[in-house]
Amino acid sequence: SPQLAIDQSNGTRWMADTSDASPVFVVDFGKITPVKRTDAYFVKPAAGHAYLLESSADGKQWTKCGGHEDTRIQSPHTDKLSLKTRYLRVTILKGTPGLWEFKVY
């Protein structure tokens with residue numbers, strides 16, 4: 001369940017469906033919201049991850065705002081931002097397709 005990645009609990013997580021070839025996690029703030037930083041805590045962080053972070057005001061047009069294409073072993077994966085958006089989208093490019101937590105500041 002997607003809510004499990006934003007429940008501030010290390011005992012729960014969100015996992016993409018095993019058949020999903022392009023796993024995506026989306027946060028909808030409900031209104032345009034300022035965002036300064038995100039922390040993505042991926043499942044199996046010691047195996048490494050690559051991901052794309054995008055923002056959108058309408059959920060239709062997306063703009064890249066973070067992430068990296070190379071596989072990195074770290075936790076969390078932090079993106080420092082300065083934007084106002086309604087949606088954030090994390091596309092997992094490499095690594096186990098799941099999030100323990102996704103924090104937005």
Side-chain angles (χ1 to χ4, degrees):
S1 171
Q3 313 80 292
L4 297 177
I6 57 171
D7 65 357
Q8 300 183 20
S9 171
N10 290 333
T12 61
R13 65 182 177 184
W14 164 80
M15 293 294 296
D17 188 276
T18 55
S19 65
D20 192 345
S22 183
V24 172
F25 178 82
V26 178
V27 175
D28 178 356
F29 300 111
K31 63 180 181 178
I32 299 294
T33 303
V35 177
K36 294 184 179 183
R37 187 179 99 212
T38 61
D39 290 335
Y41 296 83
F42 291 104
V43 174
K44 296 187 181 176
H49 288 82
Y51 69 101
L52 172 63
L53 180 64
E54 297 170 289
S55 66
S56 174
D58 60 9
K60 296 175 185 174
Q61 294 184 334
W62 294 89
T63 302
K64 180 180 177 180
C65 60
H68 49 83
E69 294 182 15
D70 58 315
T71 302
R72 296 183 190 173
I73 299 171
Q74 65 188 64
S75 188
H77 291 256
T78 299
D79 287 288
K80 294 182 180 178
L81 309 166
S82 179
L83 56 88
K84 292 181 180 180
T85 190
R86 176 171 173 173
Y87 300 92
L88 286 175
R89 177 168 74 181
V90 178
T91 303
I92 302 173
L93 305 174
K94 298 176 190 167
T96 303
L99 286 162
W100 285 110
E101 282 295 314
F102 185 70
K103 297 183 178 183
V104 180
Y105 305 93

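Below, each value reflects all heavy atoms present in this structure, side chains not excepted, and no hydrogens, waters or symmetry copies. Just so you know, these numbers come straight off a predicted model, no measurement behind them. In this chain, numbering begins with 1 at the start of the sequence shown.
When side chains are defined from C-beta on, L53 does not count as touching R89, because their heavy atoms never get closer than 4.5 Å. Residues I32 and K84 meet the side-chain proximity criterion, which asks for heavy atoms closer than 4.5 Å. Contact of the L88 side chain with the V104 side chain is registered, since non-hydrogen atoms from C-beta on lie closer than 4.5 Å. Taking the side chain as every heavy atom from C-beta outward, R37 and L81 never approach each other to under 4.5 Å. Side-chain atoms of L4 and R13, non-hydrogen and from C-beta on, never get closer than 4.5 Å to each other. Considering only heavy atoms from C-beta on, L83 comes within 4.5 Å of C65 through its side chain. Side-chain contact check for T33 versus K31: some heavy-atom pair is nearer than 4.5 Å. Residues F102 and V90 are in side-chain contact: their nearest non-hydrogen atoms beyond the backbone lie under 4.5 Å apart.
Inspection of the D7 and S9 side chains reveals no N or O donor paired with an N or O acceptor under 3.5 Å.
Atom OG1 of T91 and atom OH of Y51 lie 11.5 Å apart (nearest 0.5 Å). Between the NZ atom of K60 and the OH atom of Y87 there is a distance of 9.0 Å, given to the nearest 0.5 Å. One finds the CD atom of Q61 at 11.5 Å from the OG atom of S55 (value rounded to the nearest 0.5 Å). Going from atom NZ of K103 over to atom CD1 of I6 covers 12.5 Å, rounded to the nearest 0.5 Å. Atoms CD1 and OG, from I92 and S22 in turn, are 9.5 Å apart once rounded to the nearest 0.5 Å. We find the OG1-CG distance between T78 and D39 to be 4.0 Å, quoted to the nearest 0.5 Å.
The aromatic rings of W14 and F25 are tilted relative to each other, their planes meeting at an angle between 30° and 60°.
In this structure a side-chain-to-backbone donor-acceptor pair under 3.5 Å is present from S56 to D58. Between the side chain of D79 and the backbone N or O of G66, no donor-acceptor pair lies under 3.5 Å.
Around the CG atom of D17, the shell of radius 6.0 Å holds more than 12 heavy atoms that belong to other residues, nucleotides or ligands.
In summary, K64 and E54 do not engage in a salt bridge, as defined by a charged side-chain N under 4.0 Å from a carboxylate O. Residues R86 and D28 are paired through a salt bridge, judged by an N-O separation under 4.0 Å between the basic side chain and the carboxylate.
W62 and V24 end up in the same hydrophobic cluster when Ile, Leu, Val, Met, Phe, Trp and Tyr side chains are linked at under 4.5 Å. Transitive grouping of hydrophobic side chains (ILVMFWY, heavy atoms separated by less than 4.5 Å) brings F29 and L99 into a common cluster.
In this structure, F42 has its ring center at least 6.0 angstrom away from the ring center of W100. In this structure, the ring of H68 has its center no less than 6.0 angstrom from the ring center of H49.
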